[in-house]
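Reading through the structure tokens given below for one structure.
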Amino acid sequence: MDAKDFKYINNSEAKKVLSVNVDNISADDLLGFILLPEDKIEALVNLAAKIKEQYVGNTVYYRGLIEYSNICAKNCLYCGIRACNNKVERYELNEDEVVNAARFAAEHHYASIVIQAGERTDSLFTSKIARLISKIHSETGNKLKITLSLGEQSEETYRLWRDCGAQRYLLRIESASEDLYRKLHPADGKHSYKKRIEAIESLRKLEYQVGSGVMIGLPFQTPQHLVNDLLFLKDFDIDMVGMGPYIEHHETPLYEHRALLLPKNERFLLGIKMVAALRILMKDINIAATTAMQALHPKGREMAIVAGANVIMPNITPLKYRKDYLLYEDKPCTDEDSEKCLKCLEKRIATTGNQIGYDSWGDSKHFTNRKNS
Ligand code: 5AD
Ligand code: SF4
Ligand code: FES
């Protein structure tokens, strides 16, 4: 975030911003939310909390996160596991490790898992994933809903994985503004905004529950970019959103622009405002309280839940690999095993007044409503 572009509005303007018609939110309203001064954030959060309770209820659903592999063919300028970072020790879980993690999720009533990895499109990888999806279903009695977060793939690959039993897919747009997208990705022919959009469109066509999201507080990002991000998610009728603050990683090219960043507490609060604004804008979608929120604030995920999030992704990757999946610095849960994270999250969620949706898939109501309309 270029701090000089970021001027908070004054308190009398803030009052107007907070008396919006929630059924007709405009781009100006969204800009107003983003520019609220700190002492008005609570009122915005309260508005979002009311909408959350009314539309999706005060239940948080679990998605056990399996960080399957940190091998990646891409070089996003912000990401700690980018292909060119040769300080990373690369790993890939074996089939038993994945199935055991899935079993842990099923036995602990998580009902959903997410398989995430760096992006690879080679057929060895895509067929391995296909086999894994089938095996997880057969080994856990078809109880789990499987979300994939494996980057841009061809329509055939998305179809193959769907036919094996994946029902949801997360593919963040990272920034909905093409100018900013270009500043975050190298011009090497492998990173294209247009291709990213096409990938999201093919997921939609294949009837996945589609998730997307953005990073908040990036260098070069302005409040208007964030408004565009929210409008993008709405225009694309996205079912699930995971968005969180950008956090610098010293082994990445974007690190050299760290002087442009908002201080961490302000970046965190901007993340909270974005979650609340999104809940007000897209009332019945699923929104994740992302781990990156907790990297910037010790109660970051709980605060995101209070501000409108209703999904959380407990890490269930075998402990020994966690330190090698560092997309950004200070990532939480790298020293705690799955049992510890489970206990820790139960306590954290209890403080928010939400209950945990054990044994419930917690499908996006937006997706269900869309299908039934
Ligand atoms: N800070 C915050 N989020 C990041 N991601 C990657 N690198 C960073 C970072 N430095 C996010 C991207 C990606 C997701 C898997 O992790 O949004 O889509
Ligand atoms: Fe690879 Fe994803 Fe990181 Fe980009 S953000 S370098 S695709 S793991
Ligand atoms: Fe992993 Fe708290 S959720 S340590």
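Order of appearance sets the numbers: ligands from 1, and atoms from 1 within every ligand. Residue numbers start at 1 and run along the sequence shown. Computed from a prediction, not measured in an experiment: that's the story for all the values here. Excluded from the calculations below are hydrogen atoms, water molecules and symmetry mates; all remaining heavy atoms, backbone and side chain alike, are included.
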Between [options], which one has a non-hydrogen atom sitting closest to [atom]?
atom: atom 9 (C) of ligand 1; options: Ile247, Thr291, Leu170; result: Ile247
atom: atom 1 (Fe) of ligand 3; options: Cys333, Ser338, Cys344; result: Cys333
atom: atom 12 (C) of ligand 1; options: Glu174, Gln116, Arg82, Glu119; result: Glu174
atom: atom 4 (S) of ligand 3; options: Glu336, Arg322, Gln294, Lys343; result: Glu336

Could you tell me if any non-hydrogen atom of Leu345 lies under 4.0 Å from any atom of ligand 3?
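Distance cut 4.0 Å: Leu345 passes for ligand 3.
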Say whether Arg301 and ligand 3 are in contact under the criterion: heavy-atom distance to a ligand atom below 4.0 Å.
yes
For the pair Lys323 and Asp335, find out whether any cationic side-chain nitrogen is under 4.0 Å from an anionic carboxylate oxygen.
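Salt bridge: yes.
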Should you measure from each heavy atom of Gly118, which atoms of ligand 2 turn up under 4.0 Å away?
8 (S)
Side chain, backbone, both or neither: which applies to Pro245 and ligand 1 if a contact is any heavy-atom pair less than 4.0 Å apart?
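Contact part for Pro245 vs ligand 1: backbone (N, CA, C, O).
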Check: Tyr78 N/O within less than 3.5 Å of ligand 1 N/O
yes
Give yes if a backbone or side-chain nitrogen or oxygen of Arg172 is under 3.5 Å from a nitrogen or oxygen of ligand 1, and no if not.
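Checking ligand 1 against Arg172, an N or O pair does fall under 3.5 Å apart.
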Using a 4.0 Å heavy-atom cut-off, say whether Ile81 meets ligand 2 through its side chain, its backbone, both or neither.
side chain
Under 2.8 Å from atom 2 (Fe) of ligand 3, can any N, O or S atom of Cys341 be found?
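Within the cut-off used here (under 2.8 Å), Cys341 places no N, O or S atom near atom 2 (Fe) of ligand 3.
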Under 3.5 Å side-chain donor-acceptor pair for Gln153 and Thr121
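Checked: Gln153/Thr121 side chains show no N/O donor-acceptor pair below 3.5 Å.
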What residue and heavy atom of the protein are closest to atom 1 (Fe) of ligand 2, and at what distance?
Cys72 SG, 2.2 Å
Just to confirm my output: which protein heavy-atom neighbour is closest to atom 3 (Fe) of ligand 2, and how far is it?
Cys79 SG, 2.3 Å
Any chance the rings of His185 and Tyr78 have centres within less than 6.0 Å?
yes
So that I can check it, does any N, O or S atom in Cys76 come closer than 2.8 Å to atom 4 (Fe) of ligand 2?
yes
